[in-house]
Structures are given as structure tokens and as C-alpha cells.
Amino acid sequence: MKQILCGIIVFVCAAIAQAQVVDDFSDGNFTTNPAWTPDLAANWTIISGQLRSNSTTANSSFQIVTPSATSTNARWEFFVQLNFNTSSANYVDVFLMSDQSNLSAATTNGYFVRIGDTADDVSLYKVTNGTAAILINGLDGITNSSANTLRIRVTRDTNNVWLLERDVTGTGIDYVSEGTQPDASFLTSSFFGIRIQQSTSSFFQRHFVDDIYVGAIPPPPPPPVPITEKEIIITEIMADPSPTIGLPDAEYVELFNRTNRTISLSGLRLTDGSSNALFPAASMSPGSYLLLTSTSNASKFAGSVLGLANFPTLNNDGDAIMLRRSDNRLIDSVAYTLDWYRSEDKSEGGWALELIDLQNPCGEQDNWAAAEASAGGTPGTSNSINANKPDVTGPKLEAAVPNGLQQVELLFNEKLNTDLGTIAVTLTPDVGITSLTLQKPALTRLIVSLESPLQPRQLYQVAVSNLRDCAGNFIQQDFAQSTFALPEEADSLDLVINEVLFNPRVGGYDYVEIFNRSEKFVNLLNWRIASRENGVLQNAVAITVSRLIAPRGYLVLTERASEVMFQYPRHEGRAFMQSKLPSLPDDEGVVTLVGANGQLVDEFRYARDFHSELIKDEEGVALERISAEAETQQASNWTSASSVVGFGTPGLINSQSRPDPLISPDEVIVEPEVIAPGSGRDEFALVRYQFDQPGRLANAKVVDHQGRVIRTLANNEVLGTEGFLRWDGDHDNESKARPGYYAVWFEVYGLDGNVKTYRKRVVVAPR
């Protein structure tokens, strides 16, 4: 008998000496690991991995305890769910320390947390010989709800200072302090336990306890590694969910963790510049996706979803979405437009935009497209258009634009690396540079601040070296320089409409080319391109960024630069500017160029009849201006772009352009003298004239070698002082002239009645 008693004493002593209690009740019992002792076994049960009260006795108190010697330099943490409003007759006491197994004994000493009571609070008590006294009085009203889910944490440090914290979300990531209090009344413990006070049947079986930790204060976790640019990226955007294809009618943004470590999202924010959605404490494991949506829509999605309060409203036709750290550092950004869908049907709603190559997060429009998944998107999973599309090409310096007298903006064709430490920028003539700033979130514009002002009418060259794009590629040497000067105000017709594609091929895009025929550098910021209906400007589209056009320089406006450049190999990429355009009908329309001050700079009323009669199908054929100096609306000043150059020359001198030769007064010339209609080269002849007085009448005809008139170019037409007529090598009946010799007979009537006749040779060469 003594041996048995000694064995029991050893067992109890060993149990009391345990330094730690950890139990999440996932084993389905409270009898082992650790062993709990209830006052009555029927009063407690395990339900869905949680310890639940099971007593059905009204106006009763019941308890359960487990050995615990934890007392100082310690932490107690546990989860509690009470599915009722607490009161003076309905509360829970969690004993952190007790010197007796009977928590209600008149001689019990220790400390407990009371959850509930009259004030509906969470408070810390000390109990001395069965008499409780409050140490930390928690905020009233915390448990005044029919469903209370809390995590409670109590810490006692080496100086015997107690800290009480509670988290009403029940997640353990949003603790709030209820206060601190020093107390060293009791320095030892034998038991940890739970005591429940309940009244009527309305409170039966509605107490749940879980995730108990009693032990030493854990060492502080290592500080999280700060998230850096492009470690978390935006991979999918649902901006227009209606009409739904197969996904919920809810906007969302998908993130992807590109790293091999778990990343904390706490403090991040998703913004479109006007709305800011702050992330709660959450994390993403390596290679995982996370779906972001509004808190009201989070339940509509399955998988890894995070609902954000104040989730930005995503504009259907385009928006700039940014992911930023708490210190405002940019982690990722996407500025999408409707063109990114690459499908007019899908851009109308129900389809998400997806990033094509996740390892090329710097790619913009070329690396995004509408989802191909039948549901309209793949929220929270691999994208349906996942493919290899690496960026192996360095950036290009597209333009340099003064922004005031002491600042220059350098415009690049793609996102740049945000580390500017190694970049070198030089100006010739030399101007000192004080700072370089990368404009965010676009990351395609570098602001160069200068020591001294730029000088008027001075041509500058800027050169850039050691600059890298977002993917790490160094700038292309052939595109690392640009020239600029301080811009000047443009007068009417300083800039002219020079080439128009209004009937693109299937899948193609319209474009409008502008030519600066002046000697000025002109900034096109706030200029507009519009159409005109019934004398009123319509559908005006503003140029909202600085863009300098040099003397004799070109600018090509189009909604999809990459597609236009692909379809027209004879182009100059640096002349392109991606922009919406007004509607350009296929048969006829108006293109109007309006200056920043509202001045009409140029206007072109085009028609498909302006195309060469040799063109059988005008689709994909641009109209080119022949002379920049001749009137814009002169029909003979426009013709189809040559087939030799692929029917368009956006950003380059027009294939049908003819330099204006020097002509003596009272002279008529034909150039070239030899034409080859339909050959793609020298397809027409210009009959140029210059007179010392305006208002003369002219008749102009083309005759064959037998003197027969085959084409009338002018019939009593009033001429200006200079200009030209055009012959396309055709007859009046639109049939083609045979190869051979012809003559242009040009008869001019002066105001004084005198008549002067010119006869010039022209040859039609065989094709």
C-alpha cells in the first residue's frame, strides 16, 4: 500500500512540475496530453476540436483543471467563444494560477481572467483565500453580444508586471491592451483551470474554449524581411464583371508571391490614387495566389480570398492600380486600358485581364490579355494564358521634354528600374544636374533637375548611360540620346496633318500622323485631336502628357502602337504616342488638330475617293500628304501610300512626298517627267506652277502623241500664286494610259486678258 501511495505522489509531483500546458483538443479528448480533471465528467465534452460546456444544471458552477506550475516570466493565451450575452450570472473564469484543484474553495489563492459579469468586460483578478479583487479592469461592453469570439493573452514579466490583452476578432492578430498592473502576491502555481457560472437553459452548452497555451514568454519573432518591389505582383484584374460569364459579379485583383519565402502583407495598401484599401495582418506563402476584393464580396469566392474595406472601384475603360508599403514605397503597379484585352467583345465585360508571363512582371500591354478560361477568369489560380514572354530588350529613350526652365522629362518606352544610383545623364551644351527622380507609378518618365536655366533657341542633346529597365536590361545604345529645345507657341499650320489611316485591316488600328513644318520645338501637352460634325467639334481627345515635336519632326497617334508598327514595317517607333482617337469612319470623315489654347491648327476632310484609282482595296492603305506646304484640303495633295513601303510610313517621310522645287515666276514644270503608275514608285506627276499674281484662270489637259485630249486636269480653274495639279497616268474615263509619250498643255489667262501657254513632256513607263 505504501508503494502505491508513493507512486501516486511521484506522478502528481511530476505533473505539477510541468512547465507548459498546450492543448488544441484536436485529439478529441481531455483525458490525455494533457490530462484534465473535471468536477463531473458529464459537464464537459469535445465538439469539433473544441472544449465545450455540457452541463444542463441551472444556476450552477462547474470547473475543469489541469496541473500547471507556470507562474512568473510567463504567458497564458487561449480562445473563448460565448454564444450569449454575458451577465452577473453568466460568465467564465479562466484561472491562470491556482494553488488548489478546487477553484471555488474558500482557501484558494491565485489569479484568474473573468470574461463577462455585470460590466460585460474582460478583467484580471487576484484571489486571496477565496476572495477576488480586481487587478486590471477591462473595457465595459466587450461581451455584450449574442456571439462573442475572443482570444485573450496575459503576460507576467520578470518584474511581476501583468499585461492583459484581448482580441475581439478571435484571430490572434489584433490584440488590444486592457492595461498593466504590478503584483507579486503569489509566485507559485499548481493548476490551470476553467470555471463556468451559468443560470438558465438559455446558456447551456454555449461555452467553447480552445488553443490553450501556458508557458514561458516566447522570444519575439524576428522582424519580417521588408517586402521589396516586384516580390508581390498583380497578376489578374477583373474591372468589369458584368455581364457575368461564369464568375461572381464582383471586381477583384489577384496577387502572386514570386519569392521562396512567406511574406507578411500587414500594412500594405491597394490604391487607385483616390481610394486606399489597407491590408490587415495576413501573409502569402511562396508561389501562392491571393484574391483581393471588397469585404462585401469576399464570401462570393472560394479559395484564398482577402476582403478589403474601401476596396478601390476599378474603372472599366482603364485605371492605375498600385500596391504600396506602409512607407509608400511602390511594390507593383498596373495601368491598364481597354486595348489590353486584345478583344473588343471581351472588353465589354465579364472577362478578366491576365498577366501572361509571371516572370516578366515589368511587361505592360504586351504582357497582358483577356483571360481564355471559359468562366471569364481564373481568380486565385494559375492564369489561363500563362506563357513564356521574357523581356530581353533594353529600354529606349523616346523623347526629352523641357518642363519649365530648370527641368527636363525623359520619356522611355517601358518601366525602369527604380535604383537610380548608377545612372549617368549628361547635357550638351553642358548644364549641371542636381537630381534625378523617377515618376511613379508609371516608372517610364525620368525627371532631370538642372542647376541653371535652359536658354531660348538653344538646341540641347541629352545622353543617358547605365540605365536599366525593370527587368534589368541596360538601355539600348542606339536609343540613348535625344535632342530638345525650349518649346515655343505654335501658330496655325505650323503643324499639319500629314498621314491618316482611317480604314485599317481586320484587327488593325487607325492612326493619325502630325508633321511639324515649322522651325519651332512644340510641346503638344493639352493639344486635342477631334472630329467635326455639322460644324461642331466632336469626340475630342486630349494629349495629357508632355510630348515635344521637333522641327521637321513627326508624331503618330494611335490606340495600339505595337500593332501599327507590326503591320507597317516602314515606321519610326520613337515617333509613336499611344492615345485614343476620335471616330474615323471608313468612307469619309474629318480630323481636326486643336492647340492647347483652343486655336484651330489644321483640319483634314478626307474621303476614300482621295485614294489612288489604282488601289482596288483601300483597307489598310494610309492616305499620305504629298506636299507639307500645299493646302491640306486640296484633294490632289493626297494619295494612297505606296505598296512598296507596305501602304503606310508612320513616323517617316511619306512614300508619296515630293520636295517642293524652286520655280521661277511665271513658270510651269512637270516632275517627275517619267511616271510608272501602279509600280509603287513615281506613280504620278505633279504639274507645278508659280505666278507673280493670284486670280489667274487656267485650263490644263494631258494629250497623247496624236494631240488627242485624254485627261482634263483643270477647266477654267482659279489659281493662286503657286501650287500644283496632279496626273495619275489615267484617262478621263478612269482607264489607264498606255506606256508612251504625252504632253501637258497648260493655258493661263491673266487679269489683263493676256494668254500664256505652256507645253511640258511627260512619259508613262511600262510597269
Side-chain angles (χ1 to χ4, degrees), residues 607-618 621 624 626-627 630 634-644 655-693 695-767:
R608 65 186 307 172
D609 293 342
F610 285 18
H611 277 292
S612 169
E613 294 176 357
L614 294 174
I615 299 294
K616 296 180 180 180
D617 183 2
E618 299 93 353
V621 181
E624 288 187 338
I626 296 172
S627 170
Q634 181 180 335
S636 60
N637 194 30
W638 293 87
T639 190
S640 306
S642 170
S643 61
V644 171
S655 62
Q656 306 288 21
S657 175
R658 300 289 174 83
D660 295 325
L662 295 175
I663 306 177
S664 302
D666 293 331
E667 184 177 0
V668 174
I669 66 171
V670 174
E671 56 92 20
E673 288 190 6
V674 180
I675 63 175
S679 67
R681 193 171 192 177
D682 293 334
E683 295 186 293
F684 56 87
L686 296 183
V687 183
R688 296 186 181 274
Y689 58 84
Q690 182 166 311
F691 303 110
D692 56 3
Q693 295 180 359
R696 301 192 182 202
L697 292 178
N699 293 311
K701 302 174 182 179
V702 179
V703 298
D704 63 15
H705 67 283
Q706 294 181 349
R708 294 173 298 190
V709 176
I710 67 167
R711 183 75 164 89
T712 300
L713 303 179
N715 186 21
N716 291 329
E717 185 172 320
V718 179
L719 303 180
T721 56
E722 61 179 309
F724 62 81
L725 305 172
R726 191 178 88 208
W727 182 46
D728 292 327
D730 56 348
H731 291 255
D732 280 330
N733 64 6
E734 298 184 359
S735 64
K736 299 308 166 188
R738 294 179 178 179
Y741 291 88
Y742 297 85
V744 175
W745 180 72
F746 199 102
E747 186 179 55
V748 182
Y749 297 84
L751 298 177
D752 55 4
N754 291 328
V755 180
K756 191 168 184 179
T757 302
Y758 302 85
R759 187 180 178 88
K760 299 293 179 179
R761 187 177 70 168
V762 61
V763 178
V764 176
R767 287 192 290 175

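What you see is a predicted model; the values in this text were computed from it and never measured.
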Are side-chain heavy atoms of [X] and [Y] found at a separation under 4.5 Å?
X    : Y    : answer
D682 : V674 : no
V763 : I675 : no
S735 : D730 : no
V748 : V755 : no
L686 : L725 : no

Side chains of E624 and S655, donor plus acceptor under 3.5 Å
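On atom types as modelled, these side chains qualify, holding a pair under 3.5 Å.
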
Shortest non-hydrogen contact between [X] and [Y], atoms and distance:
X    : Y    : result
S627 : N637 : N-OD1, 2.8 Å
R726 : F610 : NH2-O, 4.4 Å
Q656 : S640 : NE2-O, 2.9 Å
A685 : P672 : CB-O, 3.9 Å

Spatial distance of atom [atom1] ([X]) from atom [atom2] ([Y]) [nearest 0.5 Å]:
X    : Y    : atom1 : atom2 : value
W638 : S612 : CH2   : OG    : 15.5 Å
I615 : E683 : CD1   : CD    : 7.0 Å
W745 : T712 : CH2   : OG1   : 10.0 Å
S643 : R681 : OG    : CZ    : 12.0 Å
Q690 : E667 : CD    : CD    : 8.5 Å
D728 : K736 : CG    : NZ    : 6.5 Å

Residue set satisfying salt bridge (Lys or Arg N to Asp or Glu O under 4.0 Å) with R688, at least two apart, ordered chain then number -> D660, E671

Could you work out, with salt bridge (Lys or Arg N to Asp or Glu O under 4.0 Å) as the rule, every residue matching E717, not counting sequence neighbours?
none

So K756 and D666, salt bridge (Lys or Arg N to Asp or Glu O under 4.0 Å) or not? Walk me through it.
CA-CA 9 Å; K756 191 168 184 179; D666 293 331; 5.1 Å; no

Which donor-acceptor pairs under 3.5 Å do the side chains of residues 695-705 make with protein atoms, sequence neighbours left out?
{"unit_1": "R696", "atom_1": "NH2", "unit_2": "D692", "atom_2": "OD1", "d": "3.0"}
{"unit_1": "N699", "atom_1": "OD1", "unit_2": "N716", "atom_2": "N", "d": "2.7"}
{"unit_1": "N699", "atom_1": "ND2", "unit_2": "E747", "atom_2": "OE1", "d": "3.4"}
{"unit_1": "D704", "atom_1": "OD1", "unit_2": "Q706", "atom_2": "N", "d": "2.9"}
{"unit_1": "D704", "atom_1": "OD1", "unit_2": "G707", "atom_2": "N", "d": "3.1"}
{"unit_1": "D704", "atom_1": "OD1", "unit_2": "R708", "atom_2": "N", "d": "2.9"}
{"unit_1": "D704", "atom_1": "OD2", "unit_2": "R708", "atom_2": "NE", "d": "2.8"}
{"unit_1": "D704", "atom_1": "OD2", "unit_2": "R708", "atom_2": "NH2", "d": "3.0"}

Just do the side-chain contact (heavy atoms from CB on, under 4.5 Å) check on H731 and R711 with the steps written out, would you?
CA-CA 5 Å; H731 291 255; R711 183 75 164 89; 5.7 Å; no

Pairing residues for [X] by the ring pair (Phe, Tyr, Trp, His ring centres under 6.0 Å) criterion, not counting sequence neighbours:
X    : answer
F684 : none
Y742 : W727
F724 : none

Using 30° and 60° as the class limits, which term best fits the ring planes of Y758 and F691: parallel, tilted or perpendicular?
tilted

May I have the step-by-step check of side-chain contact (heavy atoms from CB on, under 4.5 Å) for F746 and K760, ending in yes or no?
CA-CA 8 Å; F746 199 102; K760 299 293 179 179; over 6 Å; no

Would you check, one step at a time, whether the test side-chain contact (heavy atoms from CB on, under 4.5 Å) holds for T639 with I626?
CA-CA 7 Å; T639 190; I626 296 172; 4.2 Å; yes

